[in-house]
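When reading the values below, keep in mind they use all heavy atoms of this one structure, side chains included, and skip hydrogens, waters and symmetry mates. From a predicted model like this one, the values you see are computed outputs, not experimental measurements.
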Amino acid sequence: MKGVALALLLITASISGAAFAVEPGEMLSDPQQEARAREISKSIRCVVCQNQDIDSSNADLARDLRIMIRERIVSGDSNGQVRDFLVARYGDYVLLRPPVKPSTYVLWFGPLVLLLLGGLSVWVYLRGHRPVASACAPLPLSDEERRRVDQILGRGEKD
């Protein structure tokens, strides 16, 4: 019962947090323009919160960006022009899905390269530490050792 209550509390808190991010005073009267603003806001990274879009962020800078987006939409900018304006001002970092281009190759392909390098390192390490058959083979007995073994087993010369 406590688990269900805790789950409901967490769901309510997450929904209410997102609902309060865009304040009623920010919203545009035209539903189509407001929908465009929300769509753009969901693709723009909050520079303060970093892994959160500005549509759901409560940071002051996110609010300023939301208002700026709405102002540009009202002035007649297309969605692309609004994004281009934000990228020109804050760089590709402001986009939650940055474009694939030489300056973002590290971002897009870096994890794959690191994974391949890690796999290669593990392969080289395991290959270098593979047991060698000759290293595990027993050394031949010396004449003294052979004589001692024969003596113990009772098949050698008696002293």
Side-chain angles (χ1 to χ4, degrees), residues 1-140:
M1 187 66 183
K2 287 182 180 179
V4 173
L6 181 62
L8 288 174
L9 179 66
L10 290 174
I11 290 170
T12 304
S14 65
I15 291 172
S16 64
F20 289 125
V22 177
E23 298 171 11
E26 299 174 20
M27 299 176 83
L28 297 172
S29 57
D30 182 1
Q32 290 181 342
Q33 288 182 334
E34 179 59 26
R36 286 180 50 207
R38 297 295 296 265
E39 178 189 332
I40 295 171
S41 296
K42 289 178 182 175
S43 68
I44 302 298
R45 178 190 315 271
C46 177
V47 180
V48 176
C49 306
Q50 299 191 1
N51 280 335
Q52 188 175 19
D53 59 61
I54 61 169
D55 193 62
S56 59
S57 173
N58 291 323
D60 290 337
L61 183 59
R63 181 179 182 277
D64 293 343
L65 288 174
R66 288 192 304 262
I67 291 171
M68 185 184 308
I69 288 170
R70 283 167 173 79
E71 288 173 354
R72 298 210 54 104
I73 287 174
V74 168
S75 70
D77 284 0
S78 67
N79 292 3
Q81 289 173 321
V82 173
R83 283 192 186 94
D84 290 344
F85 172 78
L86 292 171
V87 168
R89 195 166 190 178
Y90 296 101
D92 287 329
Y93 178 76
V94 78
L95 299 173
L96 281 173
R97 299 189 117 237
V100 179
K101 59 185 186 181
S103 64
T104 60
Y105 282 168
V106 172
L107 178 68
W108 284 101
F109 304 115
L112 179 64
V113 169
L114 287 176
L115 181 67
L116 291 175
L117 288 175
L120 181 67
S121 298
V122 168
W123 180 74
V124 167
Y125 176 79
L126 292 176
R127 187 169 174 240
H129 285 82
R130 189 181 318 166
V132 181
S134 63
C136 297
L139 296 173

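One distance of note links OG of S121 with CG of L114; it measures 10.0 Å at 0.5 Å rounding. Separation of atoms CG (L116) and CG (L120) is listed at 8.5 Å; rounding is to 0.5 Å. Taken from CD in E34 to OG in S29, the straight-line distance is 9.5 Å, to the nearest 0.5 Å. Taking CZ of R66 as the start and OG of S56 as the end, the distance is 8.5 Å to the nearest 0.5 Å. To the nearest 0.5 Å, atoms CG (D84) and CG (N79) are separated by 10.5 Å. The structure places CD1 of I73 at 11.0 Å from CD of Q81, a figure rounded to the nearest 0.5 Å.
Across A59 and V48, no two heavy atoms sit closer than the pair CB-CB, 4.0 Å. For the pair R83 and S43, the tightest heavy-atom approach, listed with the atom from each and the gap, is NE-OG, 3.1 Å. In plain terms, the two heavy atoms of R72 and S75 that are nearest each other are O-OG, 2.8 Å.
Side-chain contact between V87 and Y93: absent, with no pair of heavy atoms (C-beta onward) separated by less than 4.5 Å. Y90 places none of its side-chain heavy atoms less than 4.5 Å from the side chain of I44. Using a 4.5 Å heavy-atom threshold, the side chains of V100 and F109 count as touching. Inter-residue side-chain proximity for M68 and L86 is flagged as met; some heavy-atom pair is nearer than 4.5 Å. Under the 4.5 Å side-chain criterion, counting only non-hydrogen atoms from C-beta, R45 is not in contact with R97. Using a 4.5 Å cut-off on side-chain heavy atoms (C-beta onward), L107 and D92 make no contact.
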- Message: Does R38 form a side-chain contact (heavy atoms from CB on, under 4.5 Å) with R70? I'd like the steps, not just the answer.
- Response: CA-CA 9 Å; R38 297 295 296 265; R70 283 167 173 79; 3.4 Å; yes
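Without hydrogens or angle criteria, S41 side chain to I54 main chain gives no donor-acceptor distance under 3.5 Å. Under the 3.5 Å distance criterion, the side-chain polar atoms of E26 are left unmatched by any main-chain donor or acceptor of I67. Of the possible polar contacts, none joining the R36 side chain to the Q32 backbone as a donor-acceptor pair under 3.5 Å is found.
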